[in-house]
Amino acid sequence: MATVLLDIVARHAEEAAFLWHLRDLAVDRPHYAPRHLLRLEERLEAHLDGLRVARTSGLELAQAELDRHGEPGETFVLAVLLLETGDADRFGGLLDLVRAAPECLRGLAGALGWVGPAALRGRVGPWLDSADPLERRLGLIACSVHRVDAQGRLPCLVADADAAVRARALRLAGETGRRDLGPLLQTALADPDPACRLWAAWSAVRLGERGPALVALAAAAETAEPDGWPALDLAVWAMRPADAAGWIRALNGKPRHARRVIRALGGLGDPAVVPWLIGPMNEPALARLAGEAFALVTGVDLAYEDLDRKPPEGPPAGPSDAPAEEDVALDPDEHLPWPDRARVEAFWTREGPRFARGTRHLFGRPVSPEGCERAFALGYQRQRRAAAFELALLEPAAPLRAWRARVAAMNEARCILFVDLADSVSLFERLGDAAAAALVQRLLDRLRAEVAREGGRVVKSLGDGLLATFGPPEACLRAAERMVALAEPALAGVRVAIHRGPIVAGTDDVFGDAVNLAARIEARARPGEILASEAFVLALPPGLRERARPFDEVTVKGRSGPVRVWRLESEAPAATILGTGPEARPQGLLLRLRRGERVLELRRGERAVLGRDPSCDLVLSAPWCSRRHAILANLGDRCTLEDSSTNGTFLLPDGGELQLVRRETATFAGAGRMGLGLAPNEDLGQVVAFETGRG
């Protein structure tokens with residue numbers, strides 16, 4: 001059994017290193033959005049959690065993986081564990097490895113960004129003051145990834161004797177909004193080290209300087225790799241539009257600048273350049289880059305809007321990974337869709353007039369704080385990077401948004417509530433503008449009061465409605481019930497829609513798939529109704545869950561299948577679908593769980609928590625089971641397994657194939673066995689038999 005456990009822990013170390021490598025690539029890839037990164041992060045965190053649970057064995061096996069491979073991914077894994085446990089001696093050995101293999105610094109930097117501030121407390125100051133250049137760089141990197149000032153040390157560090165330390169300090173000045181360091185940045189434009197000159201120019205321009213620093217940045221953009229940043233992108237964003245257009249015209253017509261020109265046109269953001277972006281969409285070497293620039297300006301997802309085509313036949317246009325090729329660099333346009341020029345032209349003929357020429361656009365909207373917040377929340381990574389810089393240029397003293405940061409740190413599961421005054425248009429026809437406006441305002445004030453009463457937050461007004469967020473689901477439901485009970489003779493009623501899921505909070509708005517789903521549900525509600533997603537209903541306490549009745553299914557853009565919607569009654573209906581009360585229930589599915597002599601029956605709406613924690617409904621003590629390993633739910637017409645464990649749950653239906661469910665939800669029926677943490681094995685004490693039938 002000990003051997004089995006060590007094998008599992010070793011697999012955690014291996015998988016964590018591999019997943020970090022994937023995420024490290026993904027943060028700069030054009031086809032990753034926050035929701036995609038979040039899935040990677042959840043899988044990576046699950047494997048790290050497995051190593052944490054293993055304690056000393058986890059550390060030893062992570063060290064063994066690093067000794068075996070010596071690559072950034074393995075460096076990341078061990079560094080996270082050492083930073084969290086505070087093992088100073090072993091961390092010193094890790095630094096020795098990084099000195100010998102500088103490429104591993106990237107993994108160490110990734111660990112500094114992954115761990116929370118508590119794991120770095122007491123470390124960063126000594127690093128910044130260290131006589132060791134590597135430790136000074138570590139201190140600067142830690143400040144950079146968390147976007148905090150270097151505790152008053154930057155004026156000295158931008159003049160450090162070590163060029164790598166100077167370059168990192170100059171970069172940090174721009175990332176943290178240190179406008180007071182402008183004179184030092186100007187001096188550093190003459191630094192003998194090219195990297196220092198570049199970062200001095202970059203930071204000075206990001207902080208508002210438009211003289212010699214911008215000239216130096218534009219010159220660097222003309223000589224750097226065509227797809228390299230930061231020089232090219234920031235130079236275009238910082239220039240006045242007329243100056244940027246003139247600079248782009250000077251580059252145009254020279255083949256070596258073709259890719260630079262397309263990137264720069266996308267950064268320019270003026271819809272007037274779109275016809276020039278459509279032109280190269282038939283050229284294999286430039287088509288995908290032109291499509292990405294088109295999307296940056298217009299906000300159009302080429303693949304989703306069916307404006308793409310199949311890749312052209314023949315050898316790839318860019319570098320390949322074929323062993324016979326001398327140039328085996330990654331294709332910079334890999335994963336970008338191939339635009340269909342004819343369809344894009346037709347789209348632009350139809351939709352182009354709504355885009356104002358002469359106005360810079362990002363992600364389909366004129367550049368503004370609100371538009372940039374939306375792009376940062378919903379866009380792909382390169383679009384989020386553009387949004388971060390646009391926000392920084394609008395407010396130079398503010399820290400630069402960290403688009404590479406962990407998405408989990410900025411996503412929070414909340415209850416999202418849309419409330420709407422039904423048929424408010426007729427109020428204005430019947431009462432007149434002044435009287436109707438006064439009535440609507442009075443009702444909206446009452447709705448806001450109900451949100452505040454339950455500790456919610458009104459995000460914004462929506463004409464004759466509100467968007468609000470709540471923490472506890474029961475508080476959200478109480479507010480919703482009082483909202484629909486508002487009595488006003490002239491009003492047809494109030495309708496409410498609720499969903500629960502992760503959101504991304506902007507300055508004055510919230511974004512994300514959860515918000516979009518709640519809005520779609522609200523469109524189905526009738527006056528006096530509260531409609532809710534299944535995610536919200538299942539989050540309610542059992543007594544309140546009994547008020548849910550099945551209503552409909554909605555199809556939401558970007559989701560593979562329909563979403564179930566429930567109607568919430570003010571009192572529990574006689575025939576509940578999601579309920580746990582002892583009264584007579586309608587005939588439906590019965591889920592029976594058996595572990596040894598323990599038998600647990602779940603009827604409609606009931607669920608059970610499985611895991612090591614004594615508070616679980618079914619307790620399994622095997623060490624590879626998580627404390628709250630999984631939730632089994634009987635939804636009336638189907639049963640679901642929601643795994644939240646480190647090692648996953650293995651489903652083995654009778655006569656079927658073994659299925660691993662890890663950090664996701666699966667539907668099951670019939671009879672079979674499930675193994676918590678390992679494939680079902682009666683000798684290891686983590687097997688639960690299941691059986692579904694009519695009850």
Side-chain angles (χ1 to χ4, degrees), residues 411-424 427 436-512 514-549 551 565-573 578-579:
N411 277 262
E412 182 182 8
R414 302 282 289 177
C415 298
I416 305 112
L417 179 146
F418 279 90
V419 57
D420 178 61
L421 304 178
D423 200 22
S424 60
L427 287 178
L439 174 61
V440 169
Q441 187 58 51
R442 183 169 71 249
L443 291 171
L444 290 177
D445 288 343
R446 292 173 65 185
L447 295 177
R448 290 190 183 91
E450 296 299 346
V451 174
R453 180 176 174 181
E454 294 296 343
R457 172 200 169 206
V458 174
V459 177
K460 61 181 177 181
S461 297
L462 302 168
D464 54 1
L466 301 173
L467 166 60
T469 60
F470 294 81
E474 54 269 33
C476 182
L477 180 57
R478 287 194 298 266
E481 289 179 328
R482 289 196 295 270
M483 289 175 177
V484 298
L486 286 175
E488 188 67 48
L491 185 68
V494 174
R495 52 191 174 208
V496 178
I498 313 173
H499 175 50
R500 180 172 174 80
I503 62 172
V504 179
T507 304
D508 300 307
D509 208 345
V510 292
F511 308 95
V515 180
N516 298 334
L517 175 55
R520 290 297 301 272
I521 294 173
E522 192 270 339
R524 300 292 187 95
R526 296 189 292 268
E529 277 188 336
I530 303 173
L531 298 185
S533 69
E534 193 165 88
F536 175 79
V537 171
L538 290 175
L540 289 168
L544 294 177
R545 204 183 307 141
E546 292 182 357
R547 301 184 183 183
R549 302 184 68 180
F551 176 77
V565 178
W566 302 80
R567 184 171 60 243
L568 289 161
E569 306 286 356
S570 57
E571 298 294 338
L578 288 178

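Keep in mind that this is a model prediction, so the values were computed, not measured. Index from 1, following the sequence.
Looking at residues two or more places apart in sequence or on another chain, you find no side-chain hydrogen bond (donor to acceptor under 3.5 Å, both in side chains) involving Glu522.
A pairwise comparison of heavy atoms in Phe536 and Pro473 identifies CZ-O, 3.5 Å as the closest pair. Across Val537 and Ala532, no two heavy atoms sit closer than the pair CG2-CB, 4.1 Å. For Phe418 against Val515, the heavy-atom pair with the smallest separation is CE1-O, 3.7 Å. Taking both residues in full, the closest heavy atoms of Leu466 and Ser461 are given as CD2-OG, 3.7 Å, listed atom of the first, atom of the second, then distance. Looking at every heavy atom in both residues, Glu454 comes nearest to Phe470 through CB-CE2, 3.9 Å. Shortest non-hydrogen contact noted between Arg448 and Val458 is CG-CG2, 4.1 Å.
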For the pair Arg526 and Glu529, evaluate salt bridge (Lys or Arg N to Asp or Glu O under 4.0 Å) and give the outcome as yes or no after the intermediate values. CA-CA 6 Å; Arg526 296 189 292 268; Glu529 277 188 336; 2.9 Å; yes

side-chain contact (heavy atoms from CB on, under 4.5 Å) for Lys460 and Leu462? Distances and angles first, verdict last. CA-CA 7 Å; Lys460 61 181 177 181; Leu462 302 168; 3.7 Å; yes

Let me see the working for Glu450 and Arg482 under salt bridge (Lys or Arg N to Asp or Glu O under 4.0 Å), right down to the final yes or no. CA-CA 7 Å; Glu450 296 299 346; Arg482 289 196 295 270; 2.6 Å; yes

The test is side-chain contact (heavy atoms from CB on, under 4.5 Å); show your working for Met483 and Leu417 and say whether it passes. CA-CA 11 Å; Met483 289 175 177; Leu417 179 146; 4.0 Å; yes

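Taken from CG in Leu439 to CG in Asp464, the straight-line distance is 11.5 Å, to the nearest 0.5 Å. Atom CZ in Arg547 sits 9.0 Å away from atom CD1 in Ile530 (nearest 0.5 Å). Between the CD atom in Glu474 and the SG atom in Cys415 there is a gap of 8.5 Å [rounded to 0.5 Å]. The structure places CG of Leu544 at 9.0 Å from CG of Leu568, a figure rounded to the nearest 0.5 Å.
Under the 4.5 Å side-chain criterion, counting only non-hydrogen atoms from C-beta, Pro527 is not in contact with Val494. Here the side chains of Val496 and Leu531 are not in contact, with every heavy-atom distance at 4.5 Å or above. Contact annotation: the side chain of Ile498 never approaches that of Ile416 to less than 4.5 Å [non-hydrogen atoms, C-beta and beyond].
Distance alone, capped at 3.5 Å, is enough to place a donor-acceptor pair between the Arg500 side chain and the Gly471 backbone. For Arg457 (side chain) and Thr469 (main-chain N/O), no donor-acceptor pair under 3.5 Å exists by modelled atom type.
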